[in-house]
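Because only heavy atoms are used, hydrogens play no part in the values below, and waters and symmetry mates are left out as well, while side chains stay in. The sequence lines fix the lettering, A, B, ..., with proteins before strands; numbering per chain opens at 1.
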Protein chains: 2
Amino acid sequence: MRRMTARPANAHQARLLRLLRDGGPSSRAQLGDRVDLSRSKLAVEVDRLLETGLVVADGLAASRGGRRSHNIRLAPQLRFLGIDIGATSVDVAVTNAELEVLGHINQPMDVREGPVAVFEQALDMAGKLRATGLAEGFDGAGVGVPGPVRFPEGVPVAPPIMPGWDGFPVREALSQELGCPVMVDNDVNLMAMGEQHAGVARSVGDFLCVKIGTGIGCGIVVGGEVHRGTTGSAGDIGHIQAVPDGRPCPCGNRGCLEAHFSGAALARDATEAAQQGRSPELAARLQASGALSAVDVAAAAAAGDATALDLIREGGARTGQVIAGLVSFFNPGLVVIGGGVTGLGHNLLAAIRTQVYRQSLPLATGNLPIVLGELGPTAGVIGAARLISDHLFSPV
Amino acid sequence: MRRMTARPANAHQARLLRLLRDGGPSSRAQLGDRVDLSRSKLAVEVDRLLETGLVVADGLAASRGGRRSHNIRLAPQLRFLGIDIGATSVDVAVTNAELEVLGHINQPMDVREGPVAVFEQALDMAGKLRATGLAEGFDGAGVGVPGPVRFPEGVPVAPPIMPGWDGFPVREALSQELGCPVMVDNDVNLMAMGEQHAGVARSVGDFLCVKIGTGIGCGIVVGGEVHRGTTGSAGDIGHIQAVPDGRPCPCGNRGCLEAHFSGAALARDATEAAQQGRSPELAARLQASGALSAVDVAAAAAAGDATALDLIREGGARTGQVIAGLVSFFNPGLVVIGGGVTGLGHNLLAAIRTQVYRQSLPLATGNLPIVLGELGPTAGVIGAARLISDHLFSPV
DNA sequence: ATCCCTTTGTCCTGCGAGTGGAGAAAGTCG
DNA sequence: CGACTTTCTCCACTCGCAGGACAAAGGGAT
């Protein structure tokens, strides 16, 4: 089956497709309210979209006191694939054209195995999803990788934690493999786009999305658009100095935020505390599972373990200190905290908030919400779908 | 004389006006190369602009092997006023429509005297410039103030160093007084726009412009546009923590960058060093002039005074440390250093560079120039003129 | 001087986008 | 059953704009 051969022919059509994506099925009249076009022009463009098959008219809506309207919606068989490569796991999801997640799989994986192995696994997962009947094929795919990306070419560059990925033509290779258009971006940017599309950041123009997973990164949205920076490394805040002459970091410097707090650092510190006998809770968990992760620390803290709570608080304070600087600098309208460690929940959030509200300018923090992301692990894949749909729903 | 009653009627005309502003006088053919319009359409729009008087055709250019072209240029009598309010002085300049500075005055002033007194002085200076025959009147004015601004309304908000300015309707009041449109912005943003228009940042899309004067601020340019933030306080980096548990700052925190390095902090530290007998050079200068400023420190360092040099180096390192974080976060294509302390010159620049190149990610610093602004004190007023011309050269 | 070429600018025609009104279609409500 | 709403379609007319033809104005070679 050939898929989505058509693309919007002009800016009006692109606009209409995005309205239908974000606002759901609508009548021509409703579309007319949201777009600055005459009814006639609108009808012409909708008809053209109907001809191409990008949208369909299915059924009549209930009357609102007059003639019943036709429901216009994006073609129901359109499918986007979202692939979110993390440092230690892969998320793959299938969405419809409205970016609703129809199916979602997560599997552990080690990004250091290199792009070939990782994408083999990811494509296998995509194949499983397709086999369940959710999709006959994919009209586009968005891919997130845990490192900087040369965005126009869709190629990772100099990824510190991903040797073997540098220069691998992700976009081209996957496009070949899947037979559909592919866009590639940093995973943190995708998380930001996900929260912007369907999460807490809806209708916020300028915001920061801090993702604390194995590492720490920050999605930057300016005027509704992701800011990627000159070399695609914008938002790489894990190596900002948080502690002068602090812990050594693999990057060669000392005191980097990531060296003091991140999923990896937290696991390390928790293990150390357990081994040194400072935390019976953590020691018991280490005994039981052989290794500790952020989840264990969260559980220990919930069980009242003071050491675990301290680890969270101190990490939050370090993170908050860096975020405070970014807030003063960038003056966002919202800060979203996400990533694996959101399991640490409100203890972490409280520590971050305290630090930011204390250290940033009152004018910048006056009305600044700092909240947890609301999409959890689906933020990335929704953002990935959003990325490719933005690409496909733009004029020729 | 009534001035610039006309405004561009559509986006094409606005585009043409900006091309003429930035590229200087051009023939119709040259304009056609730079804009995506047919010759006929272009001719129509140029004719309309000629009718309105916004542009004029004066004389024929030399032949380039064929028919000689008419020179189209912005109306030569157009005048913009640029007012740059600093903490301790005012700059006022008059420019033509190409934003070339025709006259420029600087006078000492204390911003704490409040907006009424300050603008009385500024308008007096503008009057002097006009009296020299440079201008018969002003077609627009741009104003920079040393604090955050609610940009759409042109009103300063919560300026820490400017009590009495909070909420003062600068834009409205000055517009009334001058009888022309006025736009107001943070002085740092104007400096960035100045360097972007006529200085080192030409043709750079994303850059940071750090202004170190009495305080420290940072202009943020994203995709060619100034980022002002949600409450207009973006770029306020003076109160980012540079030294944990460092010097107390008037803002209530400790260790703010501004408390450790800025024009004011440098004067304070230099005076202290002179009084404690750590620097004969500075002591002699203190004796001679009664007070020290950044200029004295620069001179002392140039004369080989080790203490003065240390002050500069340490300040540069502190600043560089903060900038390193911002570079990792924002990944700019250029960092411009400007403001009063640029007199400290390459000693300061070297200290900043060392710190940034050491602390930021290689990918972000790989090809990152860190340079001094090239416009000096005119950057602000040129930026001010640019601000108002951007406003006036936009459709209705 | 003459002819040909280049460059610049103007004119004219035709196409297609887009507007706005008239009206048809399909309802609700009294 | 008629009055009123809402939705959608059709049509005539306007206007923006492209692109070719053409005029104007000059340079350079013969």
Side-chain angles (χ1 to χ4, degrees), chain A residues 6-20 23-74 394-396, chain B residues 6-20 23-74 394-396:
Chain A
R7 289 279 291 280
N10 57 41
H12 296 313
Q13 294 185 14
R15 181 85 202 285
L16 290 171
L17 291 175
R18 289 180 190 213
L19 278 178
L20 290 171
S26 316
S27 68
R28 288 175 174 83
Q30 286 172 327
L31 288 174
D33 293 340
R34 279 178 271 177
V35 80
D36 194 27
L37 280 178
S38 66
R39 289 178 319 252
S40 5
K41 177 61 179 166
L42 183 102
V44 169
E45 297 298 352
V46 169
D47 284 348
R48 287 182 187 161
L49 285 174
L50 286 168
E51 274 174 36
T52 65
L54 278 172
V55 306
V56 298
D58 65 336
L60 296 169
S63 167
R64 285 168 41 211
R67 174 175 173 177
R68 294 167 66 190
S69 60
H70 292 271
N71 249 336
I72 308 292
R73 66 168 63 212
L74 290 166
S394 58
V396 277
Chain B
R7 289 278 292 280
N10 57 42
H12 296 313
Q13 294 184 14
R15 181 84 202 286
L16 290 171
L17 291 174
R18 289 179 189 212
L19 278 178
L20 290 170
S26 316
S27 68
R28 289 176 173 84
Q30 286 171 328
L31 288 174
D33 293 341
R34 278 178 271 178
V35 80
D36 195 27
L37 280 178
S38 66
R39 280 171 322 199
S40 13
K41 177 59 180 168
L42 182 101
V44 169
E45 296 298 352
V46 169
D47 284 347
R48 287 182 187 160
L49 285 173
L50 286 167
E51 275 173 36
T52 65
L54 278 171
V55 307
V56 297
D58 64 338
L60 296 169
S63 166
R64 285 170 41 214
R67 176 175 173 176
R68 295 166 67 191
S69 60
H70 292 270
N71 250 335
I72 308 291
R73 65 169 65 212
L74 290 166
S394 58
V396 278

Enquirer: Grab the CG-C1' distance between B/Asn10 and D/dG16 for me, whole Å please.
Expert: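 Rounded to whole Å, this separation is 10 Å.
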Enquirer: What residues, two or more places apart in sequence or in another chain, satisfy side chain to side chain donor-acceptor pair (under 3.5 Å) together with B/Ser26?
Expert: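 For B/Ser26 the side chain to side chain donor-acceptor pair (under 3.5 Å) partners, ignoring immediate neighbours, are B/Arg34.
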Enquirer: Between P on C/dG18 and CG on A/Asp36, what's the gap in Å once rounded to a whole number?
Expert: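 Whole-Å distance recorded here is 11 Å.
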Enquirer: Find the distance B/Leu42:CG to D/dC17:P and express it as a whole number of Å.
Expert: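 After rounding, the reported distance stands at 12 Å.
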Enquirer: Measuring from atom CG of B/Leu54 to atom CG of B/Leu20, what distance do you get when rounded to the nearest 0.5 angstrom?
Expert: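 If we round to the nearest 0.5 Å, B/Leu54:CG and B/Leu20:CG are 10.5 Å apart.
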Enquirer: According to salt bridge (charged side-chain N to carboxylate O under 4.0 Å, His left out), who are the partners of B/Arg48, at least two apart in sequence or on a separate chain?
Expert: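 B/Arg48: salt bridge (charged side-chain N to carboxylate O under 4.0 Å, His left out) contacts with B/Glu45.
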Enquirer: When the axes are fitted on five pairs at both termini, how much does the helix from C/dA1-D/dT30 to C/dG30-D/dC1 curve, in 10° steps?
Expert: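 Comparing the first five pairs with the last five, the axes sit 0° apart.
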Enquirer: Under 4.0 Å between a side-chain nitrogen and a carboxylate oxygen: does that hold for A/Lys41 and A/Asp36?
Expert: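 No, A/Lys41 and A/Asp36 are not salt-bridged.
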Enquirer: Over how many whole Å does the gap from A/Gln13 atom CD to C/dG18 atom P extend?
Expert: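 Answer to the nearest Å: 11 Å.
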Enquirer: Among pairs that include at least one residue of residues 50-62 of chain B, which meet salt bridge (Lys or Arg N to Asp or Glu O under 4.0 Å), considering only residues two or more places apart or in two chains?
Expert: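 Checked against salt bridge (Lys or Arg N to Asp or Glu O under 4.0 Å) - neighbours excluded - the pairs reaching residues 50-62 of chain B are B/Asp58-B/Arg73.
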Enquirer: A/Arg67: what forms a salt bridge (charged side-chain N to carboxylate O under 4.0 Å, His left out) with it, not counting sequence neighbours?
Expert: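 Residues passing salt bridge (charged side-chain N to carboxylate O under 4.0 Å, His left out) with A/Arg67: none at all.
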Enquirer: Can you build the contact string for nucleotides 8-14 of chain D? Use B for base contact, S for sugar-phosphate-only contact, and - for no protein heavy atom under 4.0 Å.
Expert: BBB----
Enquirer: Please work out if A/Lys41 contacts a base, only the sugar-phosphate, or nothing of the nucleic acid, heavy-atom cut-off 4.0 Å.
Expert: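 Base: the residue A/Lys41, judged by heavy atoms under 4.0 Å, touches a nucleobase.
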